[in-house]
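To keep things clear, I will list the structure first and then write my remarks on it.
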Amino acid sequence: MSLEAYQAANKQALKAYRAAINKGEYPYLSALDDFLPYEKTAGEKYIGLIEIPLDLVAGTKTAGRQNSFANNFMPLLSEETEFAFKWSDLYEAQLDEGIRDPIVAYEYMHRFFIMEGNKRVSVLKSLKAVKISAKVTRIIPKKTDDLENRIYYEFMDFYEDASIYDIWFSKEGSYEKLSARYGYQKGQKWSDESRTALRSEYLTFRKIYKAKGGDKINITSGDAFLAYIELFPAWQIQTGTEEEIRGNLTKMWEEFVTLSQNDAMKIVLEPHQKEKSVSGRSILNRLLVSEVPKQLKIAFIYEKSVENSAWNYAHEMGRRHLEQVFGNRVKTSIYEHAEFTNNSEDIIEAAIEDGNQIIFTVAAQLANASVKAALKHTDVKILNCSTNSKYQAIRTYYCRMYESKFLLGVIAGALSESNHIGYMADYPIYSTIANVNAFSLGAQMVNPRSRVHLRWASVKDEFQREFPDCVQIISDKDSINPEHPTRKYGLYRRLAGDGAENIAASICHWGKFYELIIRSILEKAWKEESGKNKNRALNYWWGISSGVLEIVCSQKLPDGTRMLIDTLTENIRRKEFSPFQFTWTKQDGSVTNEAGHRLESEDIFKMNYLADNVEGGIPELGELKDEVKEFVRLQGGF
């Protein structure tokens, strides 16, 4: 039996050898010492006796018997050699009582290279074993700016906490996101129970994912696993059937393909525009009359009620605007209290069952529930009001707030007598950092001595600080809280006795935003965009030039300041000026945009640094209130 096993393994070796030769690749096992110069390492660390995944064993530590094996670790030598007899004896021992002696291995960049025990690895690989016991020493690479190196350093931190080798990612930040999914923060030791659960769930997922063809997609199994458990709880992998998991994978398959794209996210900066016909009658009007005879049913889903949320009330006004513009050609309805951790999926499902063809989920916290519904109901168009979607199943939409924040900063800088200005931010997520920087640069443009004191409403009480007395002008939330009405919104001036005088405020015209989206759907632009952006997540990020964003100013604003704001607004509207088109300095002293060119929209969208005239920083995850941590993770802040 062992001889037959050796013959079968030898055939696999010869096949791998010939395939490598035909591709111009090295046909034998690689030796770590051959390609890793000592000067590229930063030391060694003994990990201990552990079970290592056999699929991560990549070669030998030193040159020697490496030519006895093909690059798949199968034996190349003839079955009459002493090598073949020893291999066969190990095979018999494994079948009889198992191979008990651990091998000796070195780990480098998440791959293992064998110092002692090549034949043991070969035998177990031929038997399709998953793990092998090994005494492991890690060779630590020197830190570089290379992406794989940065990910490896994140892995080493993760291993210190979880002691798990199996999972590898291709994107930064993934280990921290994975830990958060299992209830752990960086630096927090995992329990044995959690460690066992992750290993079991990941290996079960990987087996099904690979069997379905996951190796054909240019992402790691870890990338796919993390994307999966963001939508479907990890514990369901153990409680559900393989058929259910395969069904979920089938629904998600295009999302995995999207994840593999280098330009997976498309930021759409302007709404689609159709040309007018020669007669002056728009194509849209003809479509409304002839091609869309049936009433279009549109649902708005709110996380809370309309009455107790300024955010929801603003969008409710947008819904009513749709009814006024389109009349009986549309029928809108609202669904309230779609709580993030409670019944959001059921409420979206109810809206679909009611026959709604277009659904707006008006809270970033509803993004994942929106994706799950879209994967299940591919004929329904679902849009989520947020700034960062990596899923092509839904589309997101938001106002390009940094434009209006820049204008508010200009006003604040012009009116500040102390040079000290306050800025109350909400969440440290994508696009919010750009808002802070745009405001700060606006203030700095008209007042080079301005200092912006940054505070965060989403941090825990022990991390919150009051604005210093020298701060008299403050930028706060953009709308009034109906439950606690106050003048402390928008840009305002502090008055004696906790009073406030409003100066200016940003206004998002959600009604106009929704009108433009519905018009694009009626004009068939939605379908055109899908065809041009296959396997890309579309994010509508519209601003002043689209007519969906403006600022309103107090009549008390000085005439000169008002004229400056009007001029800058018009230049932004015409795309002749951008708040980030000039050279400025970060807090760390480095200069950004040195050539004076405009920053790309994605660079603005994903800013994670602050301008040098900002007093304050971006909070760590542990500083945030517990109820907002998951939301911040979803929106890409961490």
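All values reported here derive from a predicted model rather than from experimental measurement.
- With respect to Tyr209, the ring pair (Phe, Tyr, Trp, His ring centres under 6.0 Å) criterion is satisfied by exactly one of Trp253, Phe225, Tyr202: Trp253.
- Looking at every heavy atom in both residues, Ala434 comes nearest to Met607 through CA-SD, 3.8 Å.
- Nearest heavy-atom pair, Gln188 versus Gly183, reported as atom, atom and distance to 0.1 Å: OE1-O, 4.1 Å.
- With contacts defined as side-chain heavy-atom distances shorter than 4.5 Å, the pair Met74/Ser126 qualifies.
- Less than 6.0 angstrom separates the ring centroid of Phe406 from the ring centroid of Phe577.
- Between Ile140 and Met156 there is a side-chain heavy-atom pair separated by less than 4.5 Å.
- No side-chain heavy atom of Val57 sits under 4.5 Å from any side-chain heavy atom of Ile103.
- Within a 6.0 Å radius of CD in Glu25, other residues, nucleotides and ligands contribute more than 12 heavy atoms.
- The structure places CD of Glu148 at 12.0 Å from CD of Glu172, a figure rounded to the nearest 0.5 Å.
- Closest non-hydrogen pair, Pro75 versus Trp87, comes out as CG-NE1, 4.0 Å.
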Practice problem: Using the side chain to side chain contact (heavy atoms under 4.5 Å, CB included) rule, take Val268 and Trp542 through it: C-alpha gap first, then chi angles, then the decisive distance, then the call. | Solution: CA-CA 7 Å; Val268 182; Trp542 300 342; 4.1 Å; yes

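- Taking the six-membered ring for Trp and the full ring otherwise, the centers of Tyr402 and Trp541 sit less than 6.0 Å from each other.
- Side-chain contact between Ile618 and Leu454: absent, with no pair of heavy atoms (C-beta onward) separated by less than 4.5 Å.
- The environment of Lys212 atom NZ is dense: over 12 non-hydrogen atoms of other residues, nucleotides or ligands sit within 6.0 angstrom.
- Heavy-atom contacts from other residues, nucleotides or ligands closer than 6.0 Å to NZ of Lys460 number more than 12.
- The backbone N or O of Trp190 lies less than 3.5 Å from no partner atom in the side chain of Asp161, so there is not a single donor-acceptor pair.
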Self-check item: Chi angles and distances behind the salt bridge (charged side-chain N to carboxylate O under 4.0 Å, His left out) call for Lys477, Asp426
Solution: CA-CA 8 Å; Lys477 52 188 173 294; Asp426 45 15; over 6 Å; no

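- Taking OG1 of Thr258 as the reference point, atom CG of Asn535 lies at 4.0 Å (rounded to 0.5 Å).
- Here the side chain of Asn613 pairs a donor or acceptor atom with the backbone of Ser440 at under 3.5 angstrom.
- By the 6.0 Å contact criterion, NZ on Lys45 is open, its count of non-hydrogen atoms from other residues, nucleotides or ligands being 12 or less.
- The backbone N or O of Pro428 sits nowhere less than 3.5 Å from a side-chain atom of Thr432 that would complete a donor-acceptor pair.
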Quiz item: Could you go step by step and tell me if Trp168 and Leu56 meet the side chain to side chain contact (heavy atoms under 4.5 Å, CB included) rule?
Solution: CA-CA 10 Å; Trp168 180 253; Leu56 296 182; over 6 Å; no

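- Note that CD1 of Ile217 and CZ of Phe256 are 7.0 Å apart. Values are rounded to the nearest 0.5 Å.
- In this structure, Leu610 and Gly616 approach most closely via the heavy-atom pair CD1-O, 3.8 Å.
- Using bins of under 30°, 30° to 60° and over 60° for the plane-to-plane angle, the ring pair Tyr28/Tyr26 lands in the perpendicular bin.
- Legend: residues meeting side chain to side chain donor-acceptor pair (under 3.5 Å) with Ser404, ordered by chain and number and at least two apart, are Ser506.
- Within the 4.5 Å cutoff, side-chain heavy atoms of Leu226 are placed close to those of Phe169.
- A search for side chain to side chain donor-acceptor pair (under 3.5 Å) contacts involving Asp626 returns Lys629, not counting sequence neighbours.
- Minimum interatomic distance between Ala393 and Ala374 (heavy atoms only, all atoms of both residues): O-CB, 3.5 Å.
- To the nearest 0.5 Å, atoms CG (Asp612) and CG (Leu441) are separated by 8.5 Å.
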Practice problem: List the steps, then state whether side chain to side chain contact (heavy atoms under 4.5 Å, CB included) holds for Phe73 with Leu54. | Solution: CA-CA 11 Å; Phe73 252 100; Leu54 274 166; over 6 Å; no

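- No donor-acceptor distance shorter than 3.5 angstrom exists from the side chain of Glu154 to the backbone of Arg150, with no hydrogens or angles considered.
- A 4.5 Å side-chain heavy-atom check between Arg400 and Leu269 finds at least one atom pair inside the cut-off.
- The cationic group of Arg138 lies under 6.0 Å from the six-membered ring centre of Tyr159 and within 45° of the ring axis, placing it in a cation-pi geometry.
- Heavy-atom contacts from other residues, nucleotides or ligands closer than 6.0 Å to CD of Glu44 number more than 12.
- Asn384 and Ser386 are linked by a side-chain donor-acceptor pair at a separation below 3.5 angstrom, with hydrogens and angles left out of the test.
- If you check the side chains of Asn539 and Thr396, you find a donor sitting under 3.5 Å from an acceptor.
- Side chains of Ser194 and Tyr184: a donor on one and an acceptor on the other come within 3.5 Å.
- Without hydrogens or angle criteria, Arg451 side chain to Glu615 main chain gives no donor-acceptor distance under 3.5 Å.
- A salt bridge links Asp55 with Arg206: the closest approach of a Lys/Arg side-chain nitrogen to an acidic carboxylate oxygen falls below 4.0 angstrom.
- No side-chain donor-acceptor contact under 3.5 Å links Arg181 to the backbone of Ala234.
- A distance-only check finds no donor-acceptor pair linking the side chain of Asn149 to the backbone of Asp145 [under 3.5 Å].
- Between His420 and Pro468, every side-chain heavy-atom pair lies at or beyond the 4.5 Å cut-off.
- Atom NZ of Lys625 sits in a crowded spot, with more than 12 heavy atoms from other residues, nucleotides or ligands closer than 6.0 Å.
- Checked against the 6.0 Å centroid criterion, the rings of Phe113 and Tyr108 do not qualify as a close aromatic pair.
- Side-chain atoms of Thr204 never come within 3.5 Å of backbone atoms of Glu201 as a donor-acceptor pair (strictly under, hydrogens ignored).
- Nearest approach of Val436 to Tyr423, heavy atoms of both residues: CG2-CE2, 3.7 Å.
- Distance alone, capped at 3.5 Å, is enough to place a donor-acceptor pair between the Tyr153 side chain and the Pro141 backbone.
- Residue-environment remark: CZ (Phe35) exceeds the threshold of 12 foreign heavy atoms within 6.0 Å.
- No more than 12 heavy-atom neighbours from other residues, nucleotides or ligands sit within 6.0 angstrom of CD on Glu466.
- Of the residues listed (Glu107, Arg199, Glu51, Lys131), the one engaging Tyr165 in a side chain to side chain donor-acceptor pair (under 3.5 Å) is Glu107, and it is the only one.
- Here the side chain of Glu255 pairs a donor or acceptor atom with the backbone of Gln392 at under 3.5 angstrom.
- Residues Met424 and Phe467 are in side-chain contact: their nearest non-hydrogen atoms beyond the backbone lie under 4.5 Å apart.
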Exercise. Decide side chain to side chain contact (heavy atoms under 4.5 Å, CB included) for Thr592 and Phe580; before the verdict, give the C-alpha distance in whole Å, the side-chain angles of both, and the deciding distance to 0.1 Å.
Key: CA-CA 10 Å; Thr592 187; Phe580 294 110; over 6 Å; no

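- Counting only residues at least two apart or on different chains, the side chain to side chain donor-acceptor pair (under 3.5 Å) pairs with a member in residues 216-231 are Ser170-Asp223, Thr220-Asp223, Tyr228-Asn248, Glu230-Lys390, Glu230-Tyr391.
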